[in-house]
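Below, chains carry the letters A, B, ... as their sequence lines are ordered, and counting in each starts from 1.
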2 protein chains.
Amino acid sequence: MKEKLKEHIENLIPLTDEEFSLILSHVSFEKYKKNDCIIQEGEDVKNCYLVINGLLKLVYDDKNGKQHIVSFAMEDWWESDFSAYFSQTKAKMSLQCIEDTTVYSLSFKNHQKLSTELPKMKQFFLEKSNSGHSASQNRILSFLTSNAKERYEQLLKQYPLLFQRVPKTLLASYLGVSRETLSRLSS
Amino acid sequence: MKEKLKEHIENLIPLTDEEFSLILSHVSFEKYKKNDCIIQEGEDVKNCYLVINGLLKLVYDDKNGKQHIVSFAMEDWWESDFSAYFSQTKAKMSLQCIEDTTVYSLSFKNHQKLSTELPKMKQFFLEKSNSGHSASQNRILSFLTSNAKERYEQLLKQYPLLFQRVPKTLLASYLGVSRETLSRLSS
DNA sequence: AATCGAGCGTGACATACATCACAATTATAA
DNA sequence: TTATAATTGTGATGTATGTCACGCTCGATT
């Protein structure tokens, strides 16, 4: 597990063993079971999470009780209700396990502490945030330019694994179409 | 103009006069006219821009020649094709002036230089990136949960000024509906 | 003043997609 | 194993939105 964390960070910035120890002392390793709720809508968002194994969904429940998937988080992804995390307010989304999942959890306090004690981590977080921002913009573009079928094909192309790991209902909820429509697209 | 830049940065992090001078030496003040193209699709993206006065649109031209607005950028906003900017590749979107516009331009090189010479700027860029990411996620949510009429109302509520500054056709292109549909929504 | 084009509204029609209902299959748990 | 729930496909129908066509207004240009 530690190796995966180290690898993940060194993918962007090199680390000495001491530096990695410092990082390790600021995060905590946690295990969740399928259907567990890591972040609950309405509660404080104290942490963000790096997925080591498993699969999460970041969901928004609308007023009609319908669930919308803002994002999937698979191995090697950071996820949280970042809006609430950074402003330290209540979650308006939930983070739930689609599979049994292991994560490294980083609290907001330790996030700040680590950023000052090990400034190069700021660079790391910045690059992560930038790529998250780019990914979101691509998703917006796909809503603007593509119909349901095209969005579905783009998703399959981008994350072929996802297709086997999550029920179609969830893919539909991510794509913004009904499960019936998605079903008809496949045929 | 300098005051606006200083104010903008000090909104997030305090600066000494020396620090601000250092920043000033890394950016350049530029003026553009309505309909000018600041970033052209297909070309290198060397800079990102802080809007001081005016209004920009970040647009994507699809294969059918249709224009889609990924983002508006008004006073106090940073904008660029960030995906291309950070990876230093060709722009897949264009950045165009809706009004006469003045900006501060920051090259990628100076961005890096500034980040190392004045580490607290990393914090600034990080916070900017985070809020950009949050804004994008909200836009995604609005596509997932709302129909055209609701998205239109949300937009008006969030940016009441925009309504008076840009033609409806552009609002439609931002919302992802045809101008005819948008027109019918208003009545 | 005359002309042109951008912006906007609106009718008629086509299409993509949602919703509701039901059945079949497959996983999960008791 | 049996029972129960989750997942998926598919028909019938309704609705939101796109597309094409036309005309009106208003400001810019000549």
For the atom pair [atom1] ([X]) and [atom2] ([Y]), what is the distance rounded to the nearest 0.5 Å?
X: B/Phe125; Y: B/Leu12; atom1: CZ; atom2: CG; value: 11.0 Å
X: B/Asn147; Y: B/Leu185; atom1: CG; atom2: CG; value: 8.0 Å
X: A/Lys57; Y: A/Ser173; atom1: NZ; atom2: OG; value: 7.5 Å
X: B/Ser115; Y: B/Met121; atom1: OG; atom2: CE; value: 7.5 Å

Quantify the bending of the helix from C/dA1-D/dT30 to C/dA30-D/dT1 as the angle between its end axes, each fitted on five pairs, to 10°.
50°
Roughly, in whole Å, what's the span from [atom1] in [X] to [atom2] in [N]?
X: A/Asn64; N: C/dT19; atom1: CG; atom2: P; value: 9 Å
X: A/Gln67; N: D/dA6; atom1: CD; atom2: P; value: 13 Å
X: A/Asn35; N: D/dA5; atom1: CG; atom2: P; value: 15 Å
X: B/Leu144; N: C/dC17; atom1: CG; atom2: C1'; value: 15 Å
X: A/Lys34; N: C/dA29; atom1: NZ; atom2: P; value: 8 Å
X: A/Leu171; N: D/dT7; atom1: CG; atom2: P; value: 12 Å
X: A/His68; N: C/dA18; atom1: NE2; atom2: C1'; value: 13 Å

For C/dC8, does either OP1 or OP2 sit under 4.0 Å from a side-chain N or O belonging to B/Thr169?
yes
Sub-6.0 Å ring centroid separation between A/Phe72 and A/Tyr174
yes
Please report whether the ring centroid of B/Tyr104 lies less than 6.0 Å from that of B/Tyr49.
no
Report yes or no: do A/His8 and A/Trp77 form a side-chain donor-acceptor pair below 3.5 Å?
no
Under 3.5 Å, is there a donor on one side chain and an acceptor on the other for B/Ser136 and A/Ser136?
no
With sequence neighbours excluded, what pairs up with A/Lys34 under the salt bridge (charged side-chain N to carboxylate O under 4.0 Å, His left out) test?
none
Base versus backbone protein contacts along nucleotides 14-30 of chain D [heavy-atom cut-off under 4.0 Å; B, S, -]:
---SBBBB---------
